[in-house]
Amino acid sequence: MRWSNTFIPTLRDDPADAEAVSHKLLVRAGLIRQLSAGIYSILPLGWRVCRKIETIVRDEMDKMGAQEFRLPALHPAELWQRSGRWDVMGDELFRLKDRRGAEMCLGMTHEEVFASIASEVRSYRALPQIWYQLQTKFRDEPRPKSGLLRVREFVMKDSYSLDLDRAGLDHAFQLHFDAYRRIFERCGLAPLAVEASSGAMGGSESIEFMVTSDAGEDWVASCGACGYAANLEKATSQLAEVADAAGLAAPEEFATPGVRTIEDLVRFEGGAAAEHQIKTLVYVLDAAGREAPGPPSHQIALVLLRGDHALSEQKLRDGTGAVQARPAQPEEIRAALGASAGSLGAVGVAGIRIVADAALEGRCGMTTGANKDGFHLRGVDVARDVRVDAWLDLREVRAGEACPACGAALGVAKSIEVGHIFKLGTRYTEAMGALVQDEAGNSTPIVMGSYGIGIGRVMASIAETHHDANGIIWPVTVAPFEVVISVLNPGEVEPQEAGERLYDALRQQGIDVVLDLRDERPGVKFKDADLVGIPYRLVVGPRGLAEKKVEWKRRRDGLTRELPLDRAAETVAEAIFEERR
RNA sequence: CGGGCCGUAGCGCAGCUUGGUAGCGCGCCUGAAUGGGGUUCAGGAGGUCGCGGGUUCGAAUCCCGCCGGCCCGACCA
């Protein structure tokens, strides 16, 4: 390609509405343009990067024996109604009607479609299968942000494993785990594989691939000592024992005028330290759970935590089976408990579901609200005074707490989710009637797994982690071009011809090269090459040409060498072959 | 969905308080010089001032409504 007739609209200024580094750089370097909130056009340079990422993904998928499909993006409502997700997915599912008024939606993922196709698999002998596609997903995110990191329309590699049993699923899951490792590594990323919540997807086990970055939106707890890593939605830690004072014979009410928060009560004369308080939160859960179809019903629940602990809403959802969980409104709280936030407690409460964090188990001498505005109870013995329906892990882990595996201090870092793999089980295959006959002739639902990688998010994550003050620094494996030849005096015959010869020679070696013959000042070409992030630059200018040499510069670290003109193509090609892997 | 900020040329912005024929920088086009890190000079093109309504002799500017975008929060497979 020639730079002059390739559409590379670089910008000098950061776009005003961009915050994330990758957003600024991808726009400035001319890879993407925004069309609407969370909707982006991929420009030629961006598309080159995406295609290289896709090629790596396809290569690794094909290596595990997966077969590529192309499924529709437009789905009939009926499909989603069958799995129950039509009601569960809420506003995130783009819904529309066709001309006859039939309800449809745009696919946010493809478990339903693949499972319905899988219903044509009738015999265990046809298993296992791994099916995949690269295709556009639509999710009406409440808040798109950070350029390509969180969007409403994006391309995903999604794959689905079909197996006769759990052991088969475990194997397919492991194949994906290993393939994902290689894919990200080849893209220049080193994501952490972390335990994650499966959320509304359902299933028994899931692992996210997380790239540490401030632009990320998930928090990951990880242990530098033993390698334990988990999304904060799932992470646990070891807690130090708290010594309780001898309890009272019964809870004792005391006046606490003006006390509204845990902190207030810590400071209050006759109050209690936070770890000796019970935090009482009121939540509204949809009780239907994820198995039952139809619109969910709602239920008030009390959520109890140690005073100094924070609730993880995802753990609450996971622990209770709720799909939605939201804090109750003040009126709902008053109706349920007869008091307002600040004086709430679970002692003596009947007829309301009570879930408690495991850290409260066996505690006594605790202080909590009395369900009477301006009053609290002290001397509460949890086992004796509170009717707990379920003990759950509800607490959000904090940095510095002890690793559950080895006891070392956990770190917590912001991360971008670039991939997620799920062991789904039989939820979708049962719903879609994807049953096979096993060896004994019994009909049994296919066991399914699902696995996703966001292509655009991978591209943005690379930009997010590979850049400097001058622009992006693409790894050779995904770079829009591997080499740029900057000809400094394009108006003169000799440099131009030298540039063209180099260009032809590199093309012949199979190198992805762009020739910059634009009538621009050298500085402009250098700035553009750096901004766009091309890994290698060859400079053909009068200075070197006088000695039959060209300058070879590596973007990554600025390493510069003089190469003899007649050997340059060969030398550069060798270096690139080395880095392609 | 709650809170905040913002829509003026391809990009970045000023003008709005105090209404009077729309401006700056970059980029773009033409010409000249220059030629190893966004060079310089001269000339030029380009705008329904987000949309609709109102007030006014007159609205980018004041008022009302709507739409769109960004950030924080809620939410998020």
Side-chain angles (χ1 to χ4, degrees), chain A residues 7 9-20 23-24 27-28 30 33-39 80 83 85 88-93 107-112 137-147 149-152 154 156 158 196-203 206-208 216-218 231 233 290 313-314 317-318 323-327 329 417 419-422 424 427-428 450-454 469-471 486-492 495 518-531 537-546 549-551 553 558 560 562:
Chain A
F7 183 62
T10 57
L11 299 175
R12 282 197 193 218
D13 300 310
D14 281 335
D17 53 9
E19 199 83 3
H23 186 191
K24 291 178 184 171
V27 172
R28 276 194 62 205
R33 285 294 184 265
Q34 182 177 51
L35 184 62
S36 179
I39 304 177
W80 288 73
S83 70
R85 293 209 285 184
V88 163
M89 282 306 176
D91 290 336
E92 211 165 318
L93 188 62
M108 49 165 62
T109 174
H110 283 72
E111 281 77 16
E112 281 83 354
K137 309 291 184 218
F138 298 87
R139 299 179 185 183
D140 197 356
E141 289 283 346
R143 190 177 154 201
K145 59 178 289 201
S146 305
L149 287 177
R150 175 131 138 215
V151 290
R152 297 195 291 172
F154 60 97
M156 177 189 261
D158 48 323
S197 161
S198 298
M201 294 286 290
S206 85
I207 290 178
E208 289 171 333
E217 304 187 78
D218 285 277
N231 192 306
E233 300 173 346
R290 51 183 62 129
E313 291 197 354
Q314 188 63 46
R317 282 188 288 267
D318 290 345
V323 174
Q324 305 272 335
R326 63 164 175 88
Q329 302 293 321
E417 178 190 342
H420 200 160
I421 57 181
F422 298 86
L424 290 179
R427 172 183 170 187
Y428 297 95
S450 93
Y451 316 86
I453 293 178
N470 294 319
S486 303
V487 178
L488 298 194
N489 293 58
E492 295 165 24
R518 289 178 299 167
D519 183 16
E520 291 287 355
R521 305 270 306 189
V524 172
K525 300 187 177 195
F526 296 158
K527 286 284 182 190
D528 270 349
D530 286 352
L531 177 60
R537 187 178 82 199
L538 284 170
V539 178
V540 180
R543 213 153 75 186
L545 231 40
K549 284 182 172 168
V550 290
E551 179 195 280
K553 186 161 186 174
T560 306
E562 297 279 321

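As the structure is a computational prediction, the values presented were derived from the model and not from experiment. Numbered from 1 within each chain, the chains take letters A, B, ... in sequence-line order. Hydrogens, waters and symmetry mates are skipped; everything else that's a heavy atom, side chains included, is used.
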* N/O (side chain, A:Gln34) to phosphate O (OP1/OP2, B:G68) under 4.0 Å -> no

* Asked: Rounding to the closest angstrom, what is the interatomic distance between B:G37 and B:G52 at atom P?
  -> 50 Å

* To do: Before accepting this row, confirm whether a basic side-chain N of the pair A:Glu111/A:Arg85 lies closer than 4.0 Å to the acidic partner's carboxylate O.
  => yes

* Asked: Quick one: which of B:C70, B:G36, B:C28 gets closest to the side chain of A:Val539?
  -> B:G36

* Select one nucleotide: of B:C28, B:G36, B:C76, the one nearest the side-chain heavy atoms of A:Glu551. => B:G36

* To do: Find the distance A:Leu531:CG to B:G37:C1' and express it as a whole number of Å.
  => 13 Å

* Structure fact -> Side-chain atoms of A:Ala16 come closest, of B:G38, B:C13, B:G37, to B:C13

* In whole angstroms, how far is the P atom of B:U34 from the NZ atom of A:Lys525? -> 17 Å

* P-based separation of B:C63 from B:G10 [nearest Å] -> 28 Å

* Pairing nucleotide - B:G37, Watson-Crick or G-U, each distance under 3.5 Å -> none

* Asked: Expressed in whole Å, how much space separates the C1' atoms belonging to B:G12 and B:A32?
  -> 29 Å

* Asked: If you measure from the C1' atom in B:G46 to the same atom in B:C26, how many Å do you get, rounded?
  -> 14 Å

